[in-house]
Engineer: 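Below you will find the structure I want to go over with you.
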Amino acid sequence: MVNALIVRPRSDLVLPTSAGRAAQYVRMSTDHQRYSTQNQAAAIAVYAAQHDLVIVRTYADEGRSGLRIHRRQGLIELIEDVRDVRADFDHILVYDVSRWGRFQDTDESAYYEFICRQAGVKVCYCAEEFDNDGSVIASIVKNLKRVMAAEFSRELSVKVHAGACRVAALGFKQGGAVGYGLQRELVDEDRCPRGIILSKGQRKHLQADRVLVKPGPEQEQRIVAQIFREYVVHRRSQASIARLLNNEQVPNHRGTVWSDAMIRNILSNEAYIGNNVYNRKSFRLKQVMKNNPPELWVRATGLFEPIVDRSIFTKAQQLLKEQYVRLSDEHMLKKLREALALKGKLSVSIMTAMDGMPSPALYAYRFGSLREAFRRIGYVNSERDFDYLDARPQSDAELFRQASIFATRIRALGAAAIFDTETKVMTIDGRLAISLRMARYYTAPRHAPAWLLHRRIVEPAGHILALRLDEQTNRTVADYFLLPLNEMAKERINLTRTLRSRFATYRCPTMDDVLRAVMTKVAALSA
């Protein structure tokens, strides 16, 4: 957005003669109208004219907090341009110290300025009384201003949190999404409905308005009741309930497949008995997310007719507490022996299908590998290869590393990229969704060597990016396959060495080839 916010100097201002080149950085959160980007740009333009500077580039962050650099794409891009010697300017003009940031660690603010100074680019604070010339007085005043900017945010945080707790105690929703089977209704300060149900992403526009949580569609309420019934009455595990809903192709509020975590969130959510609970977690000053003790929770009860019977909800809470008691190694091995006696053999699918059985991943974590857990109970005749499970933590780490590289390079090309670590789906420019999956090498009797690729029963993305691992170690990514979802009618496919395979046309030898293919698809969707 070059020059987007440049305000041209008035005719009575002295125009620069031998002008230097400058970039301006403007940021607005929501604290004061005087900090609007237009007002900042106007003051910066006057400063530039008075100091013989020409503004050649603008970096902006609108509606962004100054507490962290995270999600401040304007400042991130500015620092990257300076660090990578792409800057075509030697000055950075900022309205004041607080617009650079209200970092809680003042050294962080100084660090970003030091990067610029080290590259020969001077940071100028246009509305401050001191000249940022490195003198003792300037250094003292600047550091004091940084401390004051940080302290302003700390004081404001305390006031905002107290106000939010007071409003939550009255039963009003304080931000965030609502769970499955619930909806948000817009009301005025007297609780009179506005006749508006807020959909995902929508917010209230008037400060005096409030939001109430209400029961959602009847079909979703029935599913919620079914989840509690399956868990409490039929004693199904959370994973079993998720599989049941996925097999029945029941959609959820996220448009993804059901997971254990979603079922657990529903089972523990007091909103289903008409309560509103606030301050269970806190993220003060965007520093560290932490769980608060129950005595700090703010609870408003009886806000609407319960979706779930209170006795069933109470029983579910008891079962959840019992479930998360740490099992001893001996108890886990006892469960494994019982499963072996019942089934006559052991496998991941057998263990996953049995209610009350700890997950195979937990066995692999606790005993070092699944094979070792089997050996502990004397089951050593299994011919199955459990290396894929033992290596799952390393495999996930590699997938997340590749996703980070992929997202960074997509953003460098000017597109937005968001990676959901739970679903492992990359969304690009809000148009193209790509599910990242590992393709592991394996050999089986009477079958040619191949790479096995799994997909979900209900896949949230339109494309799958298969990261094919090397056949020597099954650890390093060898190449990629960008597959349309309609090419995977089954839940799993085999990728082979042959170039005559129908999937060969989707092969991308390098990440550069993946980027070209992806950006071509994004361009086609936006055309």
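Computed from a prediction, not measured in an experiment: that's the story for all the values here. All residue numbers in this chain count up from 1 along the given sequence.
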Engineer: Do the side chains of Arg146 and Glu113 get nearer than 4.5 Å, heavy atoms only?
Structural biologist: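 Yes. Closest side-chain heavy atoms under 4.5 Å.
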Engineer: How far apart are the closest heavy atoms of His91 and Cys124, and which atoms are they?
Structural biologist: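 Heavy atoms only, the tightest pair is CD2-SG, 3.8 Å.
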Engineer: Counting distance only, does the side-chain N/O of Asp105 pair as donor-acceptor with the main-chain N or O of Asp107 below 3.5 Å?
Structural biologist: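 Yes: the side chain of Asp105 pairs with the backbone of Asp107.
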Engineer: Give a yes or no on whether the backbone of Gly274 and the side-chain of Glu305 come within a donor-acceptor separation of less than 3.5 Å.
Structural biologist: no
Engineer: Hey, what do you get for CD1 (Ile137) to CD (Glu129), rounding to the nearest 0.5 Å?
Structural biologist: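 CD of Glu129 is found 14.0 Å from CD1 of Ile137.
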Engineer: Quick check: closest heavy atoms across Ala415 and Met519, and the distance to 0.1 Å?
Structural biologist: CB-CE, 4.0 Å
Engineer: Taking atom CD of Gln318 as the centre, report whether more than 12 heavy atoms of other residues, nucleotides or ligands fall under 6.0 Å from it.
Structural biologist: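 Atom CD in Gln318 is packed in, count exceeds 12.
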Engineer: Verify salt bridge (Lys or Arg N to Asp or Glu O under 4.0 Å) between Asp396 and Lys424, making sure each step is shown before the conclusion.
Structural biologist: CA-CA 10 Å; Asp396 284 346; Lys424 298 177 182 176; 3.1 Å; yes
Engineer: What's the spacing between Phe313 CZ and Ile273 CD1 if we round to 0.5 Å?
Structural biologist: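 Between Phe313 CZ and Ile273 CD1, I get 4.5 Å after rounding to 0.5 Å.
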Engineer: Does any non-hydrogen side-chain atom of Tyr25 lie less than 4.5 Å from one of Leu75?
Structural biologist: yes
Engineer: Does the gap between the ring centers of Tyr112 and Phe103 come in under 6.0 Å?
Structural biologist: yes
Engineer: Under 3.5 Å, side chain of Gln183 to main-chain N/O of Pro215, donor-acceptor pair present?
Structural biologist: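 Yes, Gln183 side chain to Pro215 backbone: donor-acceptor pair under 3.5 Å.
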Engineer: Under 3.5 Å, side chain of Asn143 to main-chain N/O of Ser139, donor-acceptor pair present?
Structural biologist: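 No, the answer is negative, given that no donor and acceptor are paired below the 3.5 Å cut-off.
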Engineer: Can you tell me how far apart CZ (Phe89) and CD (Gln24) are? Round to the nearest 0.5 Å.
Structural biologist: 11.0 Å
Engineer: Under 3.5 Å, side chain of Asn246 to main-chain N/O of Ala242, donor-acceptor pair present?
Structural biologist: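 Such a contact is found between Asn246 side chain and Ala242 backbone.
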Engineer: Could you walk me through whether Tyr47 and His51 satisfy the side-chain contact (heavy atoms from CB on, under 4.5 Å) test, starting with their C-alpha distance in whole Å, then the side-chain angles of each, then the deciding distance to 0.1 Å, before giving a yes or no?
Structural biologist: CA-CA 6 Å; Tyr47 181 95; His51 292 79; 3.3 Å; yes
Engineer: Before accepting this row, confirm whether a basic side-chain N of the pair Arg71/Asp61 lies closer than 4.0 Å to the acidic partner's carboxylate O.
Structural biologist: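 Salt bridge: no.
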Engineer: With rounding to the nearest 0.5 angstrom, report the CZ to OG distance, Arg27 to Ser98.
Structural biologist: 6.5 Å
Engineer: So do the side chains of Ile241 and Trp258 get within less than 4.5 Å of each other, counting heavy atoms only?
Structural biologist: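 Side-chain contact under 4.5 Å: no.
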Engineer: For Ala45 and Ile55, which heavy atoms make the closest approach, and how far apart are they?
Structural biologist: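 Looking at all heavy atoms of both residues, the closest pair is CA-CD1, 4.3 Å.
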Engineer: Do you know which two heavy atoms are closest between Leu67 and Arg102, and how far apart they sit?
Structural biologist: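 Residues Leu67 and Arg102, closest heavy atoms: CD2-O, 3.6 Å.
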Engineer: Taking the side chain as every heavy atom from C-beta outward, state whether Leu206 and Asp188 have any atom pair closer than 4.5 Å.
Structural biologist: no
Engineer: Asp81 vs Arg86, test: salt bridge (Lys or Arg N to Asp or Glu O under 4.0 Å). Steps then yes/no.
Structural biologist: CA-CA 5 Å; Asp81 285 350; Arg86 294 195 300 265; 2.8 Å; yes
Engineer: Where is the tightest heavy-atom contact between Thr510 and Tyr480, given as atom of each residue plus distance?
Structural biologist: C-CE1, 3.7 Å
Engineer: Taking side chain to side chain contact (heavy atoms under 4.5 Å, CB included) as the criterion, tell me which of Asp429, Ile418, Ile428 meets it with Ile410.
Structural biologist: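 Per the side chain to side chain contact (heavy atoms under 4.5 Å, CB included) rule, the option paired with Ile410 is Ile428, out of Asp429, Ile418, Ile428.
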Engineer: Say whether, by atom type as modelled, one donor and one acceptor occur between the side chain of Glu128 and the main chain of Val97 under 3.5 angstrom.
Structural biologist: yes
Engineer: Is there a donor-acceptor pair under 3.5 Å between the side chain of Asp96 and the backbone N or O of Ala127?
Structural biologist: no
Engineer: State, yes or no, whether a side-chain contact exists between Val224 and Leu182 at a heavy-atom distance under 4.5 Å.
Structural biologist: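 A side-chain contact is absent here, since even the closest heavy-atom pair is not under 4.5 Å.
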Engineer: State, with a plain yes or no, whether a side-chain heavy atom of Ile140 is found less than 4.5 Å away from one of Phe130.
Structural biologist: no
Engineer: Mind running side-chain contact (heavy atoms from CB on, under 4.5 Å) on Thr427 and Asp420 for me, showing each step along the way?
Structural biologist: CA-CA 8 Å; Thr427 304; Asp420 187 330; over 6 Å; no
Engineer: Could you go through the side-chain contact (heavy atoms from CB on, under 4.5 Å) check for Met438 and Leu467 one step at a time?
Structural biologist: CA-CA 5 Å; Met438 285 295 193; Leu467 286 65; 3.8 Å; yes
Engineer: Would you give the length of the straight line joining atom CG of Leu303 to atom CD of Glu270, rounded to the nearest 0.5 angstrom?
Structural biologist: 11.0 Å
Engineer: Verify the distance criterion only: is there a donor paired with an acceptor across the side chains of Asn132 and Lys142 at less than 3.5 Å?
Structural biologist: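 Side chains of Asn132 and Lys142: pair found under 3.5 Å.
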Engineer: Which pair of heavy atoms, one from Met426 and one from Ala417, lies closest together, and at what distance?
Structural biologist: SD-CB, 4.1 Å
Engineer: Check the pair Arg411, Glu80 against salt bridge (Lys or Arg N to Asp or Glu O under 4.0 Å), reporting the backbone distance first and the verdict last.
Structural biologist: CA-CA 12 Å; Arg411 295 184 190 116; Glu80 288 178 349; over 6 Å; no
Engineer: Could you check if a side-chain atom of Leu245 sits within less than 4.5 angstrom of a side-chain atom of Ile263, using non-hydrogen atoms only?
Structural biologist: yes
Engineer: Cation over ring, Arg264 on Tyr231, under 6.0 Å and within 45°?
Structural biologist: no
Engineer: Is it true that a side-chain atom of Ser404 and a backbone atom of Phe400 form a donor plus acceptor pair closer than 3.5 Å?
Structural biologist: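 The answer is no, because no donor-acceptor pair under 3.5 Å joins these two groups.
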Engineer: Walk me through whether Val211 and Leu186 qualify under side-chain contact (heavy atoms from CB on, under 4.5 Å).
Structural biologist: CA-CA 5 Å; Val211 175; Leu186 189 65; 4.3 Å; yes
Engineer: Is there a donor-acceptor pair under 3.5 Å between the side chain of Arg184 and the backbone N or O of Gln202?
Structural biologist: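 Present.
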Engineer: Under 3.5 Å, side-chain donor or acceptor atoms of residues 147-171 against the rest of the protein: list the pairs with distances, not counting sequence neighbours.
Structural biologist:
| unit_1 | atom_1 | unit_2 | atom_2 | d |
| --- | --- | --- | --- | --- |
| Glu151 | OE1 | Arg154 | NE | 2.9 |
| Glu151 | OE1 | Arg154 | NH2 | 3.0 |
| Arg154 | NH1 | Gln104 | OE1 | 2.8 |
| His161 | NE2 | Arg284 | NH2 | 3.1 |

Engineer: Does the side chain of Arg299 pick up a donor-acceptor pair with the side chain of Thr301 at under 3.5 Å?
Structural biologist: no
Engineer: What orientation do Phe228 and Tyr272 show, parallel under 30°, tilted 30 to 60°, or perpendicular over 60°?
Structural biologist: perpendicular
Engineer: Roughly how far, to the nearest 0.5 Å, is the CE atom of Met28 from the CZ atom of Arg99?
Structural biologist: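 Answer for the CZ-CE pair, Arg99 versus Met28, is 9.5 Å.
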Engineer: Would you mind reporting whether Ile79 and Cys116 have side-chain heavy atoms less than 4.5 Å apart?
Structural biologist: yes
Engineer: Within the distance-only criterion (no hydrogens, no angle test), does the side chain of Asp90 pair as donor or acceptor with the backbone N or O of Ala22 below 3.5 angstrom?
Structural biologist: no
Engineer: Could you list the residues that satisfy side chain to side chain contact (heavy atoms under 4.5 Å, CB included) with Asp133, not counting sequence neighbours?
Structural biologist: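 In terms of side chain to side chain contact (heavy atoms under 4.5 Å, CB included), with neighbours along the sequence ignored, Asp133 is linked to Asp131, Ser135, Ala138.
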